[in-house]
Amino acid sequence: MIDVTLESVSKRFARAGDTAAVDDVDITIAAGEFFTLLGPSGCGKTTTLRMVAGFYFPTSGRIRFGAEDVTRRPPNKRDTGMVFQNYALFPHMSVAQNVAYGLKIRKVGRADARRRVEEALGQVHLAGYGGRRIDQLSGGQQQRVALARALVIRPRTLLLDEPLSNLDAKLREETRTEIRRIQKESGTTAIYVTHDQAEAMAMSDRIAVMESGRVQQIGAPREIYHRPATAFVARFIGRSNVLSLPVTGGTDDSVTVGLPDGGETVVAAPVGHGLRAGETALVSVRPEHIGLTSTTEPGALPGRVTELEFTGMATNLIVDVAGESVQVAAIDVPAGLAVGDQVGLRLTRERMWVVRP
Amino acid sequence: MGGATVTAAPTAATVPPVTGEPTPSGRDRRPRLADRLSGGASSRWFPYVLVFPLALILFGYVVQPMFATFAESVGVDGVANYTEFLSGEGVARSSLLTSLLISAASVLLCGIVGVAMAFLLKRFQFPGRRLIEAIILVPAALPPLIGAISFQLLYSETGILPRGLQQLFGTENPVLPFTGIAGVLVVHTFTMYPFFYLAASAALAGMDPSVEEAAYNLGAGRVRVWRTVLLPMLTPALVSASLLVFMTSLASYTAPLLFGVDRTMTMQIYINRTNGDLPMASAYASVLAVVSILFLLGMRWYEGRRSYRSQSKGVAAHRREITNPFGKWAALAASILATVVLLAPVGTIALVAFSADGSWTTEVIPSAYTWQNFVTIFSDPKAFQPILNSLQMSLLATVGCVVVGVLIAYAVRRLDFRGRALLDVAVMLAWALPGTVVAINLISAFSTGNAFSFGQVLIGTFWIMPLAYFVRFLPLVFRSSSATLAQIDPSLEEAARNLGASWWRAFGTVTLRLMLPGVAAGALLAFVNGVGEFVASVLIYTSQTAPISVEINNRMYSFEIGTAAAYGMLQVVLIFVVMVISGRLQNGRSASREAARWSA
Ligand SMILES: Nc1ncnc2c1ncn2[C@@H]1O[C@H](COP(=O)(O)OP(=O)(O)O)[C@@H](O)[C@H]1O
Ligand SMILES: [Mg+2]
């Protein structure tokens, strides 16, 4: 295991005009860490991962494994173990031959290789499957063979590109726990790519949220959820209302904003936010941090229900507050509440947070 | 990691690898030489290392000879040779027109036969349907010369059918003989309708039957459905097939040769060449090349822009059972007739192969039979030499085709480099050029030494023959390799690279290994085509290098028809063996079918 550093890495594809698929990305991944690249489809996750694997070379910037600069090193000299989205198992080899492929290249002795293959297959609960043909395995089993093949070479980093996207929902949850367990056991640095935020949250030590080739925020799952850096992150991780509110004052780590009903409130903000009175702050507040009350309660924002959807655990509402649509997830809803009714919204002040555009 | 130096110990991973010590900053943007050499598909200039020799080969043996031919055609008389194509009464002009006319008529005839066959076999259920489907490509599978000979033996003035009818009706002359252009058209129809048949049946198979049903449901009658739904959906397939048939007819040489139609482009090339007027032969070859290239480009353009390909999900098109009793009997009679017609050419060659030379004069079929022909061609060293020549030259060419064809397919499909489309076009150029033109090109280029022949004169040597076969059949291996490659996920090779394999190793152990069935199918196809080759051979062979087909032609001239047919049987048997093997090659089947579309 080893730490991986991306320094100002950009990638422009020759055919894709001027837009960068990956734009000035700086990431440092600690040895042994489970690090996830998260973002919507097309945001540059795969491109970033493939630069780490050596399948693309960055247009500019540097990639280091530990102290070594591997920026332009070919993929076969990098000693990474990659799990491909479609598994990329060799169809003309048995399970054991697939797993042994990397060992053979590393000239590991036969007895030793056989032992390690058995061990790796055991690790992914496929002991005894070595003689099977690839097409005799289910999707989940193939996925685990791919994982075993990548792990058996004891790579410096494990690279996984949406490895669970071809599995059904239940298997996906089981497998993500497995991957996490195996990664912890082997202590390998892992870089994981997904567009599924729940998966990212559940598995990662840290997450980099990407959008349009840029890193929006890097942080632990809780930090990203509770302290999103940008409006995009706030909306992409879970759901969130991002309200544009006028700034009336503030300190180093908070701002005072005006509310649509004429009141004011103090909202926590990142240190050095730089917002001044008169400017507009973007304030994120999650639907589950908004309570429903009567319109008469002091400090409540008055609004009108425009959509209402019962999901079992909670009721999702969209409430029109002075022309702005606010999402609300309420556990307790007054009996008989219907579209068109007037309600009061109580914002949980300590859960509100100022984000960058 | 530094490849071989990796040990099994997990801690080894943290030891800086031998090849990877941090390079001094400022210089580290340039990869080390060792890394560059194994840089693989991801390094920016690697593709050029692979592509350069391939491009050189294509330039040296396909493109440059074409220019040499053009230079030859204007070298002595300037443009005089070309003005003949424009002036009113000349042979050149009438040959060009005849060639175009024959090609247009061939398209029409093949279109009618091929599309009708596709509809009957894909849409109707009747007795004998499976048998006909199985043998439908047999006439077209024959090598060009032996195929044309079989039609001559069957349908010409001295052919079995006209003479048979003459005897049957007791008339004075053979009944319904095909001569001249009509004979050429018979050969073309029988050997080229598969282009339409295959294209139309693929289009029919890919057509969602519910589209047609929707039209009926909306109240359209049968004619209207045909006009407004079926034909428009078949159009792309029909256009492609038309272009293919037109090109193939234009390139056809054996049919005009056997039916004595001298005024065609290919015959004029041959006649001028044998009369020693190479500049005029070159002018014909250049004109033919230009027309062929135009068709090739037209075909690529058309296939590139054709957008809709209806894909069928669920219900397969059902076949209509023919139920009315009269229809049933008619269908049975028609399928028996079709079976006989389809098998007649091979049957004729087989029959004649056992006839004693000189025994067949005015009878409907030969009167005396013997094994002697086969004994002769195998035991007489002089008679065996052509067989040896063909096998040897064809094998050499096939090896070349495999090495170059596989690498070009890989480069075109998998690598990103400037001029990729050009490489693709250059291979297809070799395919588009008629065999006669390929031969003239090689004659023009290599009748003096040049860089690509290492300064040697190749004309009159053994080497010109395998070279011609290589140029002609490279596209077959390229096509089938490329079709297989399209089915192999590129991430397999990446997985191998990720696990530490060098580019060569990943290519060898994964990509090439998985391509093998397709490559083998293409190689077999190239090999049998080489063994059957006549069109180019006849222009460049010497008495020592005469291949089987040239020997067949010579024997026909000296009326040793039985011996000629015995040689032909060898070619036919070889073809059927190869067809069976290719069919067995798991997943090579689709590749060989793809390649077969492009052969003939
Ligand atoms: N080989 C390529 N050539 C050109 N553009 C590419 C290539 N690979 C990816 N892109 C473009 O780069 C952007 C990022 O793609 P990718 O990294 O695959 O996104 P993600 O994995 O996050 O879905 C996309 O706009 C994509 O179209
Ligand atoms: Mg991706």
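Below, read A as the first sequence line, B as the second, and so on, with proteins coming before strands; counting in each chain starts at 1. Note that the structure is predicted; figures quoted are calculated from it, not measured. Both backbone and side-chain heavy atoms feed into the values below; hydrogens, waters and symmetry mates do not.
Ile488(B) places none of its side-chain heavy atoms less than 4.5 Å from the side chain of Pro91(A). Taking 4.5 Å as the limit, some side-chain heavy atom of Arg497(B) sits within range of a side-chain heavy atom of Pro74(A).
Looking at Arg149(A), both its backbone and its side chain come within 4.5 Å of chain B, counting heavy atoms on both sides. Looking at Thr71(A), neither its backbone nor its side chain comes within 4.5 Å of chain B, counting heavy atoms on both sides. Contact annotation for Leu103(A): neither backbone nor side-chain heavy atoms come within less than 4.5 Å of a heavy atom of chain B.
Pairing each heavy atom of Ile105(A) with each of Ala496(B), the nearest pair is CD1-O, 4.5 Å. Summarising the geometry of Ser502(B) relative to Asn76(A), their closest heavy-atom pair is CA-ND2, 3.2 Å, with the distance given to 0.1 Å. Among all heavy-atom pairs drawn from Arg50(A) and Glu494(B), the shortest one is NH2-OE2, 2.6 Å.
Under a 3.5 Å cut-off, the side chain of Asn498(B) and the backbone N or O of Met82(A) do form a donor-acceptor pair. Of the possible donor and acceptor atoms, one in the side chain of Arg106(A) sits under 3.5 Å from a partner among the backbone N and O of Leu499(B). With hydrogens and angles ignored, the 3.5 Å screen pairs no side-chain donor or acceptor of Asp489(B) with any backbone N or O of Ala88(A).
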Could you go through residues 419-426 of chain B and list every donor-acceptor pair under 3.5 Å that involves a side-chain atom there, pairing it with any protein atom two or more places apart or in another chain?
from      : atom 1 : to        : atom 2 : distance (Å)
Arg420(B) : NH1    : Val412(B) : O      : 3.4
Arg420(B) : NH1    : Leu415(B) : O      : 3.4
Asp424(B) : OD2    : Arg300(B) : NH1    : 3.3
Asp424(B) : OD2    : Arg300(B) : NH2    : 3.4

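Within a 6.0 Å radius of CZ in Arg115(A), other residues, nucleotides and ligands contribute more than 12 heavy atoms.
Partners of Arg513(B) according to the salt bridge (Lys or Arg N to Asp or Glu O under 4.0 Å) rule, which considers only residues two or more places apart in sequence or in another chain, do not exist here.
Residue with the most contacts toward chain B among Val70(A), Leu159(A), Leu89(A), Ile153(A): Leu89(A) (heavy-atom pairs, distance under 4.5 Å).
Side chains of Thr509(B) and Tyr101(A): a donor on one and an acceptor on the other come within 3.5 Å.
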